[in-house]
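Order of the sequence lines sets the chain letters (A, B, ...), proteins ahead of strands, with each chain counted from 1.
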Number of protein chains: 2
Amino acid sequence: MDITEVAKASGLPASTLRFYEEKGLIQSNGRSGLRRLFSANVIERLALIALGRNAGFSLDEIAEMFTPDGPDINRALLLTKADELDKTIEELTAMRDGLRHAAVCKAPNHFECPKFLRLLRIAGKNRFRQPNRLKENKLKRGVKKT
Amino acid sequence: MDITEVAKASGLPASTLRFYEEKGLIQSNGRSGLRRLFSANVIERLALIALGRNAGFSLDEIAEMFTPDGPDINRALLLTKADELDKTIEELTAMRDGLRHAAVCKAPNHFECPKFLRLLRIAGKNRFRQPNRLKENKLKRGVKKT
DNA sequence: ACTTGACTTCAAGTCGACTTGAGCTTTTAT
DNA sequence: ATAAAAGCTCAAGTCGACTTGAAGTCAAGT
């Protein structure tokens, strides 16, 4: 497959595929002239990468998991991530409930509302920073460029 | 309070407080010489900001919510965010289960495991990018620096 | 023969949320 | 009186994951 086919099949722009190749996350098997040729299994690779990203792995972490030839995964790392996700899920759930409550809360000032204050305590507990690209959700396929 | 007191009380570095002030998220009420003076309620403001960040709001969005004098919150926006969180929670839950399964799965290749494939489908559905600072979790002193 | 358009490389730019550094001024302690 | 500590401003740097732009190469269609 050439890079455009992979792009179409994966939904990722060609630039990302080149970037991933440079990072060692995927590889092309040869060239036709200048052009990269990929074998079909790169699609599965990419799905696996997407999976990892969604689970909160960085590209570097994913690359590490791939290095022992083939996707033979570090099980301990997986379990650690699962635990982290548990914690995140718990926090987000509290946030969600808090938001829903805040939206209907009658208290003139949220600081007078016990439920809201409970929320604040949760927020206070976890002071990590979490950038929110979540909203973007841009499925920019590199198909039409113009 | 001076900036260091606020920093200690909030757990945020002074640089962040200046940055937030510049962004209009908090304000200092006057100066003592060069030095900013903050009133105590800035702490609550900061808690509210932390809350918003954890819920996935950007600083700009938080600033917007603050503009109609006082934290009088845009309820529709809150509900929208709550819905987004629902979706995110659902996805993360699937991921977590998938990770736990993958960690114990006997299939020599994950692509031969139906559960794993189900996971991949979920991953494929949501192609948003989610940077993972989650791992950092640096509680940059403030309270305690062991 | 020549243009087009898909592909290539490499460097630099982007985004959000801060942090860091340089070079001052002010306060506090000796 | 003086020097260190703490604040200040403003510009630039950082991080991760890509994207974009400039400039070049190459196969194909007219």
Side-chain angles (χ1 to χ4, degrees), chain A residues 1-8 10-26 28 30-38 46 49-50 52-64 127-146, chain B residues 1-8 10-28 30-38 46 49-64 127-142:
Chain A
M1 319 169 70
D2 78 354
I3 204 170
T4 319
E5 293 180 89
V6 178
K8 259 164 195 152
S10 69
L12 296 168
S15 62
T16 301
L17 298 175
R18 292 193 202 97
F19 175 70
Y20 280 4
E21 190 188 13
E22 200 179 353
K23 276 231 143 191
L25 287 162
I26 59 177
S28 54
R31 301 278 178 123
S32 154
L34 271 188
R35 306 178 175 205
R36 288 164 178 80
L37 292 178
F38 293 92
L46 290 169
I49 292 168
R53 297 278 300 120
N54 283 335
F57 293 92
S58 69
L59 293 182
D60 287 348
E61 286 174 314
I62 293 170
E64 274 177 49
R127 277 212 185 308
F128 60 78
R129 74 205 66 246
Q130 176 188 219
N132 65 332
R133 306 291 193 130
L134 322 170
K135 53 169 186 172
E136 276 288 7
N137 196 1
K138 41 172 154 183
L139 339 171
K140 56 178 51 173
R141 58 193 74 256
V143 179
K144 289 262 164 145
K145 143 205 245 136
T146 317
Chain B
M1 322 169 68
D2 78 355
I3 204 169
T4 320
E5 295 180 87
V6 178
K8 259 164 195 150
S10 69
L12 297 168
S15 63
T16 300
L17 298 174
R18 291 192 203 97
F19 174 71
Y20 278 5
E21 189 188 14
E22 200 178 351
K23 276 231 144 194
L25 287 162
I26 59 177
Q27 45 261 73
S28 53
R31 299 280 178 123
S32 154
L34 272 188
R35 305 176 176 208
R36 289 166 178 79
L37 291 178
F38 292 94
L46 289 168
I49 292 168
L51 173 63
R53 296 280 299 118
N54 283 334
F57 292 91
S58 71
L59 293 183
D60 286 348
E61 285 174 316
I62 293 170
E64 273 177 49
R127 279 215 183 302
F128 59 78
R129 71 204 71 244
Q130 178 187 216
N132 65 331
R133 306 290 194 132
L134 319 171
K135 52 168 188 174
E136 276 289 3
N137 197 2
K138 42 172 152 183
L139 347 168
K140 49 187 55 192
R141 92 281 137 99

Open item on the list: Can you tell me which nucleotide in C/dT9, C/dT19, C/dT25 comes closest to the side chain of B/L34?
Closed with: C/dT25

TODO: May I have the distance from B/E21 (atom CD) to C/dA17 (atom P), rounded to whole angstrom?
DONE: 18 Å

Task: Atom-pair distance (CZ on A/F19; P on C/dT9), nearest Å - done: 15 Å

TODO: Over all heavy atoms of both residues, which pair between A/I3 and A/L17 is shortest? Give the atoms and the distance, please.
DONE: O-CD1, 3.7 Å

Task: side-chain hydrogen bond (donor to acceptor under 3.5 Å, both in side chains), paired with B/S28, selected from B/R35, B/R36, B/E21 - done: B/E21

Task: Interatomic distance, A/I62 CD1 vs D/dG16 P [rounded to whole Å] - done: 14 Å

- [ ] Please report, rounded to the nearest Å, how far the P atom of D/dC10 is from the NZ atom of B/K23.
- [x] 17 Å

- [ ] Could you state the atom-to-atom distance from CG of A/L17 to C1' of C/dT9 in whole Å?
- [x] 16 Å

Open item on the list: Measuring to OP1 and OP2 of C/dT19, would you say a side-chain N or O of B/T16 lies under 4.0 angstrom away?
Closed with: yes

- [ ] Could you please name the option among D/dC8, D/dA17, C/dT8 that lies closest to any side-chain atom of B/R36?
- [x] D/dC8

Open item on the list: Strictly below 4.0 Å: does B/R31 bring a side-chain N or O up to OP1 or OP2 of C/dT27?
Closed with: no

TODO: Look up atom CD in B/E61 and atom CD in B/E64, then write down how far apart they are to the nearest 0.5 Å.
DONE: 7.0 Å

Task: Atom-pair distance (CE on B/M1; P on D/dA6), nearest Å - done: 17 Å

Task: salt bridge (Lys or Arg N to Asp or Glu O under 4.0 Å) involving A/D60 - partner list, sequence neighbours excluded - done: A/K23

- [ ] Find the distance A/L25:CG to D/dC18:C1' and express it as a whole number of Å.
- [x] 12 Å

Task: From C/dG5, D/dT9, C/dC18, nucleotide with atom closest to A/R35 side chain - done: C/dG5

- [ ] From the options C/dC18, C/dT8, D/dT19, select the nucleotide whose nearest atom is closest to the side chain of B/Y20.
- [x] C/dC18

TODO: Write down the distance between CD (B/E61) and P (C/dC15), rounded to a whole number of angstrom.
DONE: 16 Å

Open item on the list: With a 4.0 Å limit, can you tell me whether A/R53 has a side-chain N or O closer than that to the phosphate oxygens OP1/OP2 of D/dC18?
Closed with: yes

- [ ] Enter the distance from A/L25:CG to A/F19:CZ here, rounded to the nearest 0.5 Å.
- [x] 8.0 Å

- [ ] With heavy atoms under 4.0 Å as the rule, sort B/G33 into base, sugar-phosphate or nothing.
- [x] sugar-phosphate

- [ ] Return the 5'-most residue of the pair A/S15, B/E5 with respect to DNA chain D, ranking by each residue's nearest nucleotide.
- [x] B/E5

